[in-house]
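Numbers for residues simply follow the sequence, beginning at 1. Bear in mind that the values here come from a model prediction, so they are computed numbers and not experimental data.
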Amino acid sequence: MDTNTNIQEDNDHGALFHWRAPEYEIMEKSQHWYLYAGLFLAAVIAYAVYTNSPVMAITFILVGVVGYIFINKEPRVVDFYITHDGIISGREIYEFDNVKSFWIFYEPGQVKVISLHTKNKLIPFIHIPVHDEDPVKIREILLEYIQEVKQVPSAVDTFERMLGI
């Protein structure tokens, strides 16, 4: 699988830039991580049983099962395109008309994502993985279409990184 497939002009989408990358980065988890997560989940379920809350207990059992399946699932490899109209991520297109600004979070070895601040009230920030691509080149192209505004990682982003999910 070649994830470094830069294309200056792609005939299928009129792409200015193209790359393939996993839809999200996998964070390795140790056996201790699973142990602590399991103990936390067991404690919440035990509390639910103790307080006679079967719905809460069932809910957290399901959260544990679904979470385990999701965490251990391999990410799909997705095609990303920057076009004159927007950014295509797999089957989704984020048109520049619906994007307020962008910021590239770049910490080598940890985080490399484009964060789009959209006009969508429900999901205002979309993160697109950069993977092994040159963020400077992507930034240069995006600056032609949308403005760059510094963003601060949200509490959810920070929490996800702390938990390794």
Side-chain angles (χ1 to χ4, degrees), residues 1-6 17-82 87-94 99-139 142 148-165:
M1 162 182 79
D2 182 18
T3 58
N4 265 342
T5 56
N6 300 345
F17 197 82
H18 168 250
W19 71 98
R20 291 176 54 84
E23 60 187 335
Y24 55 87
E25 296 293 328
I26 299 173
M27 298 199 170
E28 294 297 320
K29 292 161 197 65
S30 67
Q31 289 181 339
H32 287 102
W33 188 94
Y34 287 104
L35 177 66
Y36 295 140
L39 289 173
F40 174 77
L41 202 55
V44 171
I45 293 168
Y47 174 76
V49 169
Y50 176 74
T51 59
N52 198 21
S53 301
V55 173
M56 181 179 168
I58 291 169
T59 300
F60 278 95
I61 290 169
L62 290 175
V63 165
V65 170
V66 171
Y68 181 79
I69 291 169
F70 180 76
I71 286 172
N72 290 303
K73 164 182 108 141
E74 288 292 318
R76 295 178 303 137
V77 175
V78 179
D79 283 300
F80 298 94
Y81 299 90
I82 300 175
I87 299 177
I88 299 172
S89 171
R91 295 184 182 154
E92 297 289 325
I93 183 163
Y94 304 103
V99 176
K100 294 178 183 180
S101 63
F102 80 96
W103 182 254
I104 297 178
F105 289 103
Y106 180 69
E107 295 176 29
Q110 293 183 10
V111 178
K112 281 175 65 172
V113 297
I114 303 167
S115 179
L116 301 176
H117 186 189
T118 67
K119 295 176 182 174
N120 186 330
K121 302 266 189 249
L122 195 58
I123 305 173
F125 293 96
I126 305 294
H127 290 172
I128 297 173
V130 174
H131 200 54
D132 293 331
E133 301 306 316
D134 181 6
V136 174
K137 178 69 175 162
I138 292 172
R139 178 182 177 269
L142 289 176
E148 180 181 40
V149 175
K150 183 171 179 154
Q151 298 175 12
V152 177
S154 70
V156 172
D157 295 332
T158 304
F159 189 65
E160 285 176 346
R161 283 187 56 205
M162 281 179 16
L163 291 179
I165 55 176

When rounded to the nearest 0.5 angstrom, what distance separates [atom1] in [X] from [atom2] in [Y]?
X    : Y    : atom1 : atom2 : answer
Y36  : Q31  : OH    : CD    : 12.0 Å
W19  : D134 : CH2   : CG    : 11.5 Å
L116 : K100 : CG    : NZ    : 13.0 Å
T118 : I123 : OG1   : CD1   : 8.0 Å
F17  : L142 : CZ    : CG    : 10.0 Å
E133 : I114 : CD    : CD1   : 9.5 Å

### Message
Restricting to salt bridge (Lys or Arg N to Asp or Glu O under 4.0 Å), what partner residues turn up for R76, sequence neighbours left out?
### Response
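Residues passing salt bridge (Lys or Arg N to Asp or Glu O under 4.0 Å) with R76: E23.
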### Message
Apply side chain to side chain contact (heavy atoms under 4.5 Å, CB included) to residues V130 and Y106 and explain how you reach the verdict.
### Response
CA-CA 9 Å; V130 174; Y106 180 69; over 6 Å; no
### Query
Between H127 and F105, how do the two ring planes meet: parallel, tilted or perpendicular, split at 30° and 60°?
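Perpendicular: the ring planes of H127 and F105 meet at over 60°.
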### Query
Which pair of non-hydrogen atoms, one from I45 and one from A57, has the smallest distance, and what is that distance?
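For I45 versus A57, the nearest heavy atoms are CG1-O, 4.2 Å.
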### Message
Ignoring hydrogens, what is the shortest heavy-atom contact between P75 and P22? Give both atom names and the distance.
### Response
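Scanning both residues, the minimum pair turns out to be CG-CB, 3.9 Å.
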Are [X] and [Y] packed together at the side-chain level, in the sense that at least one heavy-atom pair is separated by less than 4.5 angstrom?
X    : Y    : result
K112 : P129 : no
Q151 : F125 : yes
F102 : I138 : no

Listed by chain and number, what are the side-chain hydrogen bond (donor to acceptor under 3.5 Å, both in side chains) partners of [X], not counting sequence neighbours?
X    : answer
E148 : R139
Y34  : N72
T59  : none

### ring pair (Phe, Tyr, Trp, His ring centres under 6.0 Å) involving Y94 - partner list, sequence neighbours excluded
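Ring pair (Phe, Tyr, Trp, His ring centres under 6.0 Å) list for Y94, sorted by chain: empty.
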### Task
Can you sort out the partners of V44 under side chain to side chain contact (heavy atoms under 4.5 Å, CB included), two or more places apart, ordered by chain and number?
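F40, M56, F60.
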